[in-house]
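Report on the structure given below.
What you see is a predicted model; the values in this text were computed from it and never measured. For ligands, and for the atoms within them, numbers begin at 1 and follow the listed sequence. Excluded from the calculations below are hydrogen atoms, water molecules and symmetry mates; all remaining heavy atoms, backbone and side chain alike, are included.
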Amino acid sequence: MAAVKSFRSRDTVSTIMMLSDQSDMPVRKPPLSKQLWKGMAVSDCFYNPARFGVEYHPATRVTEADFDRHLLTLSSGEKVRYEQLLIATGLQPRRLPGDCAEAVYFNSLADFRRVRQKLAAGGSAVVIGGGLLGVELASSLSANGIRVKLVISSEAPLTGYLSEPLAVRIRARLQAAGIECITGRRAIRLEPGGRVQLSDGKQLDADVVIPVIGQQPSVDFVSHDPEVSRHGLAVDARLRIKGLEDVFACGDVARFGVQASSFRHEENALRSGAAAGRNLAGDDVQFKPSSFLYSEFLDMRLESIGVGNAAEMKAIGEDWSDSKEQGICILTEDDLVRRVSMVNYRMDSETAEMLSSRLIGRSAEADQLQIVRTVLKPAA
Ligand SMILES: Cc1cc2nc3c(=O)[nH]c(=O)nc-3n(C[C@H](O)[C@H](O)[C@H](O)COP(=O)(O)OP(=O)(O)OC[C@H]3O[C@@H](n4cnc5c(N)ncnc54)[C@H](O)[C@@H]3O)c2cc1C
């Protein structure tokens, strides 16, 4: 939708056809694990393609792309011809071995509805994965009176984004909210009856099981190359797929650099979409990816800039205020700042960009924590 909007600001006459395998209107995904559980109306997270003169085709899955002939094949067998193509198919959840009727691989509005319906009369849930999505869903379900067990493979959640002491504080907050954190173990298999086998031989049972153990680009209609399936479609600075003149990609499915997964967030999806839309309309916009991400769980907010896995980095600056429950950590690798994460601060995207250019990739210095504190002060 970001691409459609910026394309239309340049070109009001060309036909835009939008194909989606979802039966709903296009939806903003972040509310699915947060605000929708706090009473936000489903209609408030829809985008409206008709506003931009888009021919929207829901429940239409693309199964094959023939770039030479400019043809897409749909699951119905129908063919669609295009002049220019934008691929924005996002990510799909990684799956665990085994299956059960209680499992929901949470990624869409339909999944939100399924979980809500299964737990309408209360009950229990096992959420598998201590990343952003796992923590958000565990918090939202628990706040709705569901008994939640959260399976975390490390000792604390969010260790990909936070230094250990900050991650341990988040674990304590989740536990205080009534979420049972099962740490240091992996879920290895799903079995009928909502049963989850753990790596230590134990098992958990629940009314709903939500595995959120990672995601991978939805590219099977383009390529089965394991490199592409893992990292996405490599694009150049103008968001063209390398080697193709008239095919662009944006958002989570695109690969902007080596650390592909560090750019799979809403801010980068919106910005890359906006740039791709202008380039489709004939502009020449160079895109620089944004690593800025945010997450909300319980009454807390996490924001982060930078790339890479915090669990493999060294924290060189760390701050935590118990009274305000605010924290900052600066994480380095090979003496270079790679990631800066904040708990209960709020930046706008310009501040995030400015902070990124001042800190990310720079040598670690003693005054960097002070820089972050100063920059964030007015926003805190
Ligand atoms: C539950 C949830 C919560 C999130 N919360 C946050 C957050 O708090 N902060 C944040 O920064 N980011 C968050 N994200 C990530 C953010 O939503 C994504 O970065 C963003 O949606 C990416 O946009 P996109 O357009 O690239 O892909 P998507 O929004 O995933 O859209 C891709 C669309 O393409 C469709 N599609 C896929 N394959 C095909 C096909 N072959 N044919 C037709 N259609 C197809 C998909 O069904 C989907 O509708 C969250 C994601 C989820 C799932």
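Nearest protein heavy-atom neighbour of atom 24 (P) of ligand 1: Asp252 N, 4.2 Å. At the top of the distance list for atom 42 (N) of ligand 1, counting protein heavy atoms only, stands Val62 N, 3.0 Å. Of the protein's non-hydrogen atoms, Arg61 NH1, 3.6 Å is the one closest to atom 40 (C) of ligand 1. Looking from atom 27 (O) of ligand 1 to the surrounding protein, the closest heavy atom is Gly90 CA, 3.4 Å. In this structure, atom 16 (C) of ligand 1 lies nearest to the protein heavy atom Glu266 N, 4.0 Å. Nearest protein neighbour of atom 8 (O) of ligand 1, counting heavy atoms only, is Lys34 NZ, 2.6 Å. Among all protein heavy atoms, the one lying closest to atom 46 (C) of ligand 1 is Asp21 OD1, 3.4 Å. Among all protein heavy atoms, the one lying closest to atom 1 (C) of ligand 1 is Leu133 CD1, 3.4 Å.
To the nearest 0.5 Å, atom CD of residue Gln215 and atom CZ of residue Arg94 are 8.5 Å apart. Between atom CD1 of residue Ile305 and atom OG of residue Ser356 there is a gap of 3.5 Å, rounded to the nearest 0.5 Å.
Of all heavy-atom pairs spanning Ser357 and Met354, the tightest one is OG-O, 2.9 Å. Contact between Ala237 and Gln286 at its shortest, heavy atoms only, is CB-OE1, 3.3 Å. Taking both residues in full, the closest heavy atoms of Asn309 and Gly160 are given as OD1-CA, 3.2 Å, listed atom of the first, atom of the second, then distance. In terms of heavy atoms, Leu32 sits closest to Phe112 at O-CD1, 3.7 Å. Nearest heavy atom pair, residue Leu137 against residue Trp37, reads CD2-NE1, 4.3 Å.
For Phe287 and Phe256, the ring centers sit closer than 6.0 Å to each other.
For Asn268, the heavy-atom gap to ligand 1 stays at 4.0 angstrom or more.
At a heavy-atom distance under 4.0 Å, only side-chain atoms of Phe106, from C-beta outward, approach ligand 1. Contacts between Gln22 and ligand 1, counted as non-hydrogen atom pairs separated by less than 4.0 Å, involve the side chain only. Neither the backbone nor the side chain of Arg28 has a heavy atom within less than 4.0 Å of ligand 1.
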With a cut-off of 3.5 Å and sequence neighbours excluded, list every side-chain donor-acceptor pair involving residues 246-255.
residue, atom, partner, partner atom, Å
Asp246, OD2, His70, NE2, 2.8
Arg255, NE, Gly257, O, 3.4
Arg255, NH1, Glu227, OE2, 3.3

Side-chain polar contacts of residues 145-152 - donor-acceptor pairs under 3.5 angstrom, sequence neighbours left out - could you list them?
none

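Near Asn107, the atoms of ligand 1 lying under 4.0 angstrom from a non-hydrogen atom of the residue are 53 (C). Listed by atom number, the atoms of ligand 1 under 4.0 Å from Ala269 heavy atoms are 22 (C), 23 (O).
By the definition of a contact as any protein heavy atom under 4.0 Å away, atom 48 (C) of ligand 1 is not in contact.
Where the criterion is an N or O separation shorter than 3.5 Å, residue side chain and backbone included, Glu267 fails it with respect to ligand 1.
The option from Ala2, Ser75, Pro30, Gly251 that lies nearest to atom 14 (N) of ligand 1, judged by heavy atoms, is Pro30. By heavy-atom distance, the residue among Ala88, Pro31, Gly273, Ala254 lying nearest atom 25 (O) of ligand 1 is Ala88.
Glu267 pairs with exactly one of Ser349, Ser291, Pro289, Ser272 by the side-chain contact (heavy atoms from CB on, under 4.5 Å) rule, that one being Ser349.
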